[in-house]
2 protein chains.
Amino acid sequence: MTKKNATIYDISKKLNVSVATVSRALNDNPRISQATKDLVIKTAKEMNYKQNNLAKALKSGETKNVGIIVPYINTNFFSSVIRGIEEELSLHGYHVIICQSHEDVLTEKKHLNTLLNAQVDGIFMSVSRTTVDTKHIQQILDTSNTPIIFFDRKKDIPGISTVTIDDYKGGYMATEHLIEEGYKNICHFAGDLNLEIYQNRLNGYKQALIDHKFKVKEENIISTGSSIDAGIEAIKTLWSRPSIPDAIFSSSDFAALGACQELKKRKIKIPQEVAVIGFSNEPFTQFMELPMSSMDQTPLIMGNMAGQVFIDHIKDNSSGVSIEKKVVLAPQICVRKSSKRK
Amino acid sequence: MTKKNATIYDISKKLNVSVATVSRALNDNPRISQATKDLVIKTAKEMNYKQNNLAKALKSGETKNVGIIVPYINTNFFSSVIRGIEEELSLHGYHVIICQSHEDVLTEKKHLNTLLNAQVDGIFMSVSRTTVDTKHIQQILDTSNTPIIFFDRKKDIPGISTVTIDDYKGGYMATEHLIEEGYKNICHFAGDLNLEIYQNRLNGYKQALIDHKFKVKEENIISTGSSIDAGIEAIKTLWSRPSIPDAIFSSSDFAALGACQELKKRKIKIPQEVAVIGFSNEPFTQFMELPMSSMDQTPLIMGNMAGQVFIDHIKDNSSGVSIEKKVVLAPQICVRKSSKRK
DNA sequence: TTGTACGCGTTATCAG
DNA sequence: CTGATAACGCGTACAA
C-alpha cells in the first residue's frame, strides 16, 4: 500500500478534461475560464496534488536549486554567509544545496561535478586551501552555462563574479588602529598565503606601516595557521628573540586567542604591554576574559550580496548578456579592550 | 552561442548505435561487449557528456536529495548537526538542501511543502518554537512516503524516527554535579517549555533535587529565553529577593553568560559564592573570563546518527518494512571553573 | 475556451 | 549482444 502522488493526469481523468486544461488552470493561464480553474484547483487540493518540480525542471531546464561549496559548514563565518545566501534566494524560490570541500581540492572538484549533474542553476563557492590550480573551475566555465560565484576566498578567473570584503583595507585598518593607539613594534600573524584573503591582509598591514613611516620587518611576519595552538607557538617564537613586539595583528581570531592565552600564562599584560587584534569577529571574541578587538567580515551581507549577484546573472543571461560583477564590501573594525591603551 | 549538454542521444547518433546501448554501456551493464563499452565511454568523455540526474530522477523516483529544516543555520549547534548529516549522507551519494524556519511554524510548513514538491527523498527537521499544532506534519505522513526524521527538537508523532540527546539526563547530571560540589540552593533557568528539550531539562533538574533530598521550589525556576539579556534579567530578579541562590543551572549557554556578566558586575564571585553551568557547550564557554561549565550535545554525532537512521529507512522501505527508530544520545558534562568550588 | 501530441533525457521492457 | 519504444510528469505549440 504505497502512497503515490497524484498527477495532473489523475486530475484530468477525474474531471473529464484534458491534462493541458489542468496544467493551464493550475498555472493560472488567462485562457481558461474561471469556472474550470476553480474546479481544477479545488479537486487538486482534494486529491492532495503536489506539482512534481522534477518534471517541470526537466522541461524548463531550471531546477531552482543552487549549490554552495565551502570548506566546512560549521564555522561562524561560513554558516552565516550561507544564511545570507539562503535568505536572499528563498525570496526568489530557490533552494540551496550545501557541500563541504574539507579544504581538499579533489573533493571540491567532485562536488562541482555532482552539482552540475544535479543540474543546479548556479554554484557559489569559497575555494579550499589546497586549490592552487584552477583548471577544474575553468573547465566548467568553458563547457557549461552554469554561473559560478566566488565569495570570500576567490581566484582570479575571467568570467566569474566575486563577492569579497576588502581584506587589504581590513589589514590596513587594523594596523593603523594599532599605530594610532601608540604601538610601535607591530607584528603580523599571516595565514595561508596561497589564499588571496591572507595575502591581502598582509599587504594592507605592510602598507599601513609604510604610510606611517614604520619599517616592515620580515621577522615580524609570522606564518601561523588559523588555530589556537599556532598562536601559542607564535608567541613562544617571538618571545625567544631579543626584540619583542608590542602589538599583534592576527589574520585569524583563533591564532589571536592562542596568543592571548600564552601571553596571560607569561603574565604579560594586554593591552598595556601588548595589544592584540584578530580577524573575523568570531562570537567568542566579545566574551573573552579580555574582550578582543577584531575585524568583522559582515558575512550575512556578503551572503545577501552573493545571492543578488546570482539573481542578476539569471536576469542578464535570459536577455543574452553576461556580465562579470565584482562586489567588494568594507570590513568593520570592532575595537575592544585588547587593543585600547589610551 | 549557448552551450548545451551532450545527451546519450547525441552519443548514439555519433556512433550509430541505439540510445539503449549507450545507456547500458555507461551503466556498465554486463550484456554489452567490452569493445562497445570502451568506445561509448571514450566518446562520452570526448563529448564532455554529463549524466542528467533530473531525467534519471524523474524515471526512478529518487532525487538523491534530502531536505533539512532548522530554525537558523548559523548557530554552532545546528550547523554542526548539519555537518554531521552531510558527511554521513554524502558517503551514500546524497545532497542536502537547507531551509530555515526562522522559528515560525508557517514558514516551516511552507518549506515542508516546497521540499516535497522538489521530490526530496527524506526530510530532517528540528521543529520551530512556534510549532504547537503538528497537523501539517501529520498530513505529510498520511499522504506521502517521504520519511521524516526529527533531531533534537522533536514532537511525539507515531511513525516518525527521532534522534535526540537525553535532555532529562542532561538536566539531572548538571544538577547532581552542582549538588556534589556542595551547592545547596540551586535555581534553574528554564527555556521555552513548548519544546520538549527544555521540559526534559527541567524535569531532570527536579528529579535530581528530589533524589538528593532537596525541595523543589517553584520560585527557583525562572523562565528565561536563550538570550544574554534574559540571563541578566533573571539575576536581577533573583537578587531582589530575600533568599538568594548559590548555583544556577541554565538551559541555555547564552542566558548563563548573561548571568555571569551580571554577577561580575555585582562583584559576586563565581564559583565561590555562586556556581554556573550552562547547556550546549557553545564554543565561547571555554574562552570566557572564567571558563563556564556546560553540557555538550554532541551535535556532529547527532547528525551522523540522523543520517544513518535515514539510510536505514531507505533500506527498510525498499524491503517493504518501515520501522520507527528512536535514537537517544548521552550528553557529556564539561566541568570547568564556573562550577568547581572544591 | 479547450484538446492533442510532442519533447525534456533517462532507464527498462520486450524483441530480435 | 543490440535495437526500438514506452514510460516518468509536466508545459506548450498547434489545432479545433
Side-chain angles (χ1 to χ4, degrees), chain A residues 2-41 43-44 47-65 93 116-121 144-145, chain B residues 2-41 44 47-65 93 114 116-121 144-145:
Chain A
T2 157
K3 301 155 198 163
K4 231 171 152 307
N5 280 340
T7 70
I8 49 171
Y9 186 68
D10 297 328
I11 300 178
S12 85
K13 261 198 304 196
K14 184 156 194 170
L15 295 179
N16 273 323
V17 293
S18 75
V19 284
T21 304
V22 176
S23 172
R24 284 194 271 251
L26 291 171
N27 287 307
D28 204 29
N29 188 309
R31 309 188 321 184
I32 296 284
S33 75
Q34 195 58 45
T36 38
K37 242 181 224 178
D38 291 344
L39 183 64
V40 168
I41 291 171
T43 41
M47 300 176 71
N48 192 42
Y49 168 78
K50 295 237 187 306
Q51 185 188 49
N52 185 328
N53 279 339
L54 236 48
K56 189 179 177 181
L58 180 59
K59 188 104 194 36
S60 70
E62 283 192 311
T63 55
K64 288 285 187 173
N65 284 155
L116 247 29
N117 288 168
Q119 310 288 116
V120 291
D121 297 343
S144 98
N145 290 313
Chain B
T2 159
K3 301 153 199 165
K4 229 170 153 311
N5 279 340
T7 70
I8 49 171
Y9 186 68
D10 297 328
I11 300 177
S12 84
K13 261 197 303 193
K14 185 155 191 169
L15 295 180
N16 273 323
V17 293
S18 74
V19 284
T21 305
V22 176
S23 173
R24 285 195 271 248
L26 291 172
N27 288 308
D28 204 29
N29 187 307
R31 309 189 319 184
I32 295 283
S33 75
Q34 195 58 44
T36 37
K37 243 180 221 177
D38 292 343
L39 183 63
V40 168
I41 290 169
M47 299 175 72
N48 192 42
Y49 167 79
K50 295 239 188 310
Q51 186 189 49
N52 186 330
N53 280 338
L54 237 48
K56 188 179 176 177
L58 180 59
K59 190 96 187 58
S60 69
E62 283 193 313
T63 54
K64 289 284 187 174
N65 285 155
T114 63
L116 248 29
N117 289 169
Q119 310 289 119
V120 292
D121 297 343
S144 99
N145 289 313

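Within every chain, numbering begins at 1; the chains are lettered A, B, ... in the order of the sequence lines, protein sequences first and strands thereafter. Everything quoted here is computed from the prediction, not taken from an experiment.
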Engineer: Taking any heavy-atom pair under 4.0 Å as a contact, classify Lys50(B): base, sugar-phosphate, or nothing.
Structural biologist: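 Since only primed, P, OP1 and OP2 atoms lie under 4.0 Å of Lys50(B), the category is sugar-phosphate.
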Engineer: Pick the nucleotide of DNA chain D nearest each of Arg24(A) and Ser18(B); which residue has the one closer to the 5' end?
Structural biologist: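 Nearer the 5' end of the strand: Ser18(B).
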Engineer: Taking CD1 from Ile32(A) and P from dT12(D), how many angstroms apart are they, rounded to a whole number?
Structural biologist: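 Distance, rounded to whole Å: 13 Å.
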Engineer: Using atom CG of Asn29(A) as one end and atom P of dG11(D) as the other, report the distance to the nearest whole Å.
Structural biologist: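 Distance check: Asn29(A) CG to dG11(D) P gives 11 Å.
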Engineer: How long is the line joining CG of Asn16(A) and C1' of dT2(C), in whole Å?
Structural biologist: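 Nearest whole value for this atom pair: 13 Å.
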Engineer: For the side chain of Asn65(B) and the backbone of Val120(B), is there at least one donor-acceptor N/O pair under 3.5 Å apart?
Structural biologist: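 Looks like no, no N/O pair under 3.5 Å.
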Engineer: Take the protein atom CG of Leu54(A) and the nucleotide atom C1' of dA7(D), then report the distance between them rounded to whole Å.
Structural biologist: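 Rounded to whole Å, this separation is 15 Å.
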Engineer: From the list dG3(D), dC10(D), dT11(C), which nucleotide is the closest neighbour of the side chain of Val17(B)?
Structural biologist: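 My answer, after comparing the listed nucleotides, is dG3(D).
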Engineer: Could you tell me whether Ser60(A) contacts a base, only the sugar-phosphate backbone, or nothing, with contacts defined as non-hydrogen atoms closer than 4.0 Å?
Structural biologist: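 Here Ser60(A) touches no strand at all.
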Engineer: Determine the contact category for Asn5(B): base if any of its heavy atoms lies under 4.0 Å from a base atom, sugar-phosphate if only primed atoms, P, OP1 or OP2 are that close, otherwise nothing.
Structural biologist: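 Since no nucleic acid heavy atom lies under 4.0 Å of Asn5(B), the category is nothing.
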Engineer: Could you check Asn5(B), Ile41(B), Leu26(B) and say which one makes a side-chain contact (heavy atoms from CB on, under 4.5 Å) with Tyr49(B)?
Structural biologist: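 That would be Leu26(B).
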Engineer: Whole angstroms only, please: what is the NZ-C1' distance between Lys59(B) and dA6(D)?
Structural biologist: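 Rounded to the whole Å, the gap is 8 Å.
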Engineer: For Leu58(B) and Pro30(B), take the nucleotide of DNA chain D holding the closest heavy atom to each; which residue's nucleotide lies nearer the 5' end?
Structural biologist: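 Its nearest nucleotide being more 5', the pick is Pro30(B).
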Engineer: Across the strands shown, which category fits Ser23(A) at heavy-atom distances under 4.0 angstrom: base, sugar-phosphate, nothing?
Structural biologist: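 Base contact.
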